[in-house]
Amino acid sequence: MNRYETILSLGEDFMKLMAKSLIPVHILDWKVYYEAYIKEMEYQNKHFKKPRKSEATATVAAHYNISERTVYNIIAFMEG
């Protein structure tokens with residue numbers, strides 16, 4: 001079970017833990033960015049022969065106005 005699956009399994013408890021400052025608020029932002037990355041990879045798998053992680057990260061980074069390096073760090077964190 002990776003960190004993203006753990007966050008999903010917490011459900012409402014995730015927000016309670018954030019309210020108590022046990023989980024940093026930026027993790028919620030990272031969850032949104034990671035979900036956008038997952039959607040983009042699903043799109044790439046559906047419409048292209050060879051999905052490219054670099055294209056997906058570039059799209060997410062441009063959409064949310066963050067750096068591609070940040071998106072790669074978020075992916076590594078969530079999948080770790």
Side-chain angles (χ1 to χ4, degrees):
M1 179 180 269
N2 60 30
R3 286 185 181 113
Y4 178 70
E5 291 168 344
T6 303
I7 290 169
L8 289 181
S9 70
L10 288 173
E12 285 297 316
D13 291 334
F14 178 68
M15 296 305 277
K16 289 177 188 174
L17 292 171
M18 279 182 37
K20 299 283 184 180
S21 298
L22 295 173
I23 296 177
V25 177
H26 77 272
I27 300 297
L28 182 60
D29 294 334
W30 284 15
K31 180 180 173 276
V32 172
Y33 302 152
Y34 185 70
E35 288 171 347
Y37 164 75
I38 290 172
K39 278 187 176 180
E40 185 61 30
M41 284 303 290
E42 287 172 356
Y43 173 82
Q44 294 235 348
N45 281 327
K46 192 177 193 181
H47 294 357
F48 300 103
K49 277 186 177 179
K50 186 175 181 185
R52 301 219 166 138
K53 186 176 184 178
S54 60
E55 283 294 321
T57 56
T59 302
V60 171
H63 185 264
Y64 289 102
N65 198 23
I66 57 176
S67 71
E68 289 183 43
R69 182 77 254 158
T70 301
V71 177
Y72 281 113
N73 288 337
I74 292 167
I75 293 167
F77 176 81
M78 289 295 185
E79 293 178 352

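Starting from 1, each residue takes its place in the sequence as its number.
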Locate the shortest heavy-atom distance separating Ala56 from Met41; write the atom from each residue and the value. CB-SD, 3.5 Å
Shared hydrophobic cluster for Phe48 and Tyr37 (ILVMFWY, side-chain gaps under 4.5 Å): no
Short question: side chain of Gln44, backbone of Arg52 - any donor-acceptor pair under 3.5 Å? yes
With rounding to the nearest 0.5 angstrom, report the CD to OG1 distance, Glu68 to Thr57. 5.0 Å
Drop me the distance from Glu55's CD to Thr59's OG1, to the nearest 0.5 angstrom. 6.0 Å
Would you mind reporting whether Lys31 and Leu8 have side-chain heavy atoms less than 4.5 Å apart? yes
Is there a side-chain contact between Met78 and Ile7 (heavy atoms, below 4.5 Å)? yes
Path from Met18 to Leu10 over hydrophobic side-chain contacts below 4.5 Å: yes
Closer than 3.5 angstrom, by distance alone: can the side chain of Glu35 be matched with the main-chain N or O of Val32 as a donor-acceptor pair? no
Hey, any chance Val25 and Ile66 share a hydrophobic cluster, counting ILVMFWY side chains that come within less than 4.5 Å of each other, even indirectly? yes
Going only through I, L, V, M, F, W and Y residues with side-chain contacts under 4.5 Å, is there a path from Tyr64 to Tyr72? no
Do Phe77 and Tyr4 come close enough that some side-chain heavy atom pair is under 4.5 Å? no
Using 0.5 Å steps for rounding, measure from the CG atom of Leu22 to the CG atom of Asp13. 11.5 Å
Kindly give the heavy-atom pair with the smallest separation between Pro51 and Asn45, and that separation in Å. CG-OD1, 2.7 Å
Arg3 and Ile27, any side-chain heavy atoms less than 4.5 Å apart: no
